There are 2 protein chains.
Amino acid sequence: MTDGAAGTGKRATPNSRDQALYRKVAADLGREIGEGRYGSGGRLPAEGELAERYGVSRGTVRQAMALLRTEGLVASRRGTRRVVIGMPRPQSFGELLSFTRWARSMGEEPGGLMIATETRTADATECVQLRLPEGTEVHRVRRLRTLSGRPAMVERTVFPPAVGELVAELPPDTVSYTVALEERGVLFADAQHTIDLCPADAEDARLLGCRPGDPLLRERRCSTDPAGTPIEWSDDRYLPDTVAFTVHSSAASGSLARRPAGDT
Amino acid sequence: MTDGAAGTGKRATPNSRDQALYRKVAADLGREIGEGRYGSGGRLPAEGELAERYGVSRGTVRQAMALLRTEGLVASRRGTRRVVIGMPRPQSFGELLSFTRWARSMGEEPGGLMIATETRTADATECVQLRLPEGTEVHRVRRLRTLSGRPAMVERTVFPPAVGELVAELPPDTVSYTVALEERGVLFADAQHTIDLCPADAEDARLLGCRPGDPLLRERRCSTDPAGTPIEWSDDRYLPDTVAFTVHSSAASGSLARRPAGDT
DNA sequence: AAGTGGTCTAGACCACAGC
DNA sequence: CTGTGGTCTAGACCACTTG
């Protein structure tokens, strides 16, 4: 291996730029899959062949494959080569948490009409979700989100104190809190979502232009930073025909579950 | 390492029973997390410590951790120990694909009222989803699913020929097709889900006892076997207040995405 | 029997968190 | 500086699929 890093010869390269090697391999293969290089249901090259092609060890190729697997692009089992079972989706996580980024990726103009903002003591649910001691002050925001002017979703978000302070200082014309927070060093790493259907309350109906009681698609979400600290707890209610959620799940890991309606 | 496997000393043990070592470690840690041993937001032991405790290498501990991570139980970053961010959920995959198993796990009595079964040529959508050539004959089943007698969901499933043959031979009183198929060697390994809201059509309304046009929570799903071959394509429509779906997603992998309503 | 992915080991160095 | 997880390597053996 042509190793410029004078030394043991063990280290491949210090990763000239930001990404890990296995991520580059995964991205490359993901791109090829998206281009139909192997076809839907087609077989990927063997681990050994890929290791040689990219000049990396088998372990690194396997790390890349694990990524492609959790993204739902390939299936694998002992004895045969991996198989293509899905097509890559553009950078889902950023667009998943940010309504603004998602809207823009679709060529729509996102909007955020502030309805109310307040600082109050957290209720029982919020304390559990945000892992805060009882009686903590939290920052609440309610907004009507629009797509190219049309009402699309009512957003009710609660921030813990540390994040709430940042939110309170945001310029009044801020469209994306998520992007603004990331620019201020708050990183989103994990999120837990609950998706169900709920009837519009009086406020939902007034904002969205539907009747009270009309069903909405609800996504409740708790996001955490890389340290595992909760940074937001949100209740988003979408008008029908606005969005759909897609999930990949597998027997090996399984990030999706079905629960009885009602709790939390 | 006290290694009874007289030999190279490399292999730890041939895995006395079915499971891989890293799965045992993950299961064990998952159980401890569920018991609150480390607390919500608490820190896990270091990789090295766990490797010693279980008598395995660091690589094996890391495989276990990767599992716990995709299951949404822990978050991790360089420099500090892993942190608990979620509680374990019981065997989600089996209960996710099987309405029957899910119902029973909640102490409800699942039912399946057969509405219609037919063999016809697949339409365009079905051909794409099941990766079948145009004009292939598929097996279709429509059923009303009930929870302890109450209507809960209308299920419309399409099976490719190989699976359809098995389905056609199932006893008329079969409640769970999923379980029956698994008993006949059809294994479910991966699934791709799309969750959204859709209005009840005339049949939905009649079966579920609601009005046509009333919104239902819809889950469309394509499941594949370990070889990556599609084995079912289903459109399930739930009455409101019946179910909620929960998903974990992370910046590192991301199995959840939001899409505009409409397609596929 | 050959090919291929699954599991496990052992060791190295790096990058980051926190004292 | 020390501890910790992230990345990478090299090699071994096993279990399964396929021809």
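Chain naming here is simple, since letters A, B, ... match the order of the sequence lines and numbering starts at 1 in each. Only a predicted model underlies this, so the values are computations on that prediction, with no experimental measurement involved.
- Ranked by how close their nearest DNA chain C nucleotide is to the 5' end, A/Leu44 and B/Thr60 are led by A/Leu44.
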Nucleotide N/O of nucleotides 1-4 of chain D paired with protein N/O under 3.5 Å:
| unit_1 | atom_1 | unit_2 | atom_2 | d |
| --- | --- | --- | --- | --- |
| D/dG3 | N2 | B/Gly79 | O | 3.0 |
| D/dT4 | OP1 | B/Arg81 | NE | 3.2 |
| D/dT4 | OP1 | B/Arg81 | NH2 | 2.5 |
| D/dT4 | O2 | B/Gly79 | N | 3.4 |

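- Each of A/Arg77 and A/Tyr22 lies near DNA chain D, and the nucleotide nearest A/Tyr22 is the one positioned closer to the 5' end.
- With a 6.0 Å radius and a threshold of 12 heavy atoms from other residues, nucleotides or ligands, A/Glu35 has its CD atom above the threshold.
- Residue A/Tyr54 contributes atom OH, which lies 14 Å from atom P of D/dC8 at whole-angstrom precision.
- Nucleotide D/dC16 holds its P atom 16 Å from the CG atom of B/Asp225, rounded to whole Å.
- Atom CG in B/Leu187 sits roughly 13 Å away from atom P in D/dC16 (whole-Å rounding).
- For B/Glu169, there are no salt bridge (charged side-chain N to carboxylate O under 4.0 Å, His left out) partners two or more places apart in sequence or in a different chain.
- Taking atom CZ on B/Arg62 and atom P on D/dT7, their separation rounds to 7 Å, with Å as the unit.
- Picking from C/dT9, D/dC8, C/dT7 the nucleotide with the shortest atom distance to the side chain of A/Ala20 gives D/dC8.
- Among the nucleotides C/dG6, C/dC8, C/dC13, the one closest to the side chain of B/Ser57 is C/dC8.
- Among D/dT18, C/dT7, C/dT9, the nucleotide with an atom closest to any side-chain atom of B/Gln63 is C/dT7.
- Here the C1' atom of nucleotide C/dC13 and the CZ atom of B/Arg58 are 11 Å apart, to the nearest Å.
- Closest to the side chain of A/Ser76, from the set C/dC8, D/dC8, C/dG6, is C/dG6.
- The neighbour count for A/Arg43 CZ, taken as heavy atoms of other residues, nucleotides or ligands under 6.0 Å away, does not exceed 12.
- Rounded to an integer number of Å, the gap from CG of A/Leu50 to C1' of C/dG3 is 15 Å.
- Sparse packing is recorded around CD of A/Glu52, with 12 or fewer heavy atoms of other residues, nucleotides or ligands lying under 6.0 Å away.
- Per the geometry, CG belonging to A/Leu29 stands 12 Å off P belonging to C/dG5, to the nearest Å.
- Taking the side chain as every heavy atom from C-beta outward, A/Tyr54 and A/Asp28 approach each other to under 4.5 Å.
- Applying the salt bridge (Lys or Arg N to Asp or Glu O under 4.0 Å) test to pairs two or more places apart or on separate chains, those with a residue in residues 78-90 of chain A are A/Glu47-A/Arg82.
- Considering only side-chain atoms of A/Leu21, the nucleotide from C/dT9, D/dG5, D/dC8 that sits closest is D/dC8.
- With A/Arg258 contributing its side chain and B/Glu95 its backbone, the two residues share a donor-acceptor pair below 3.5 Å.
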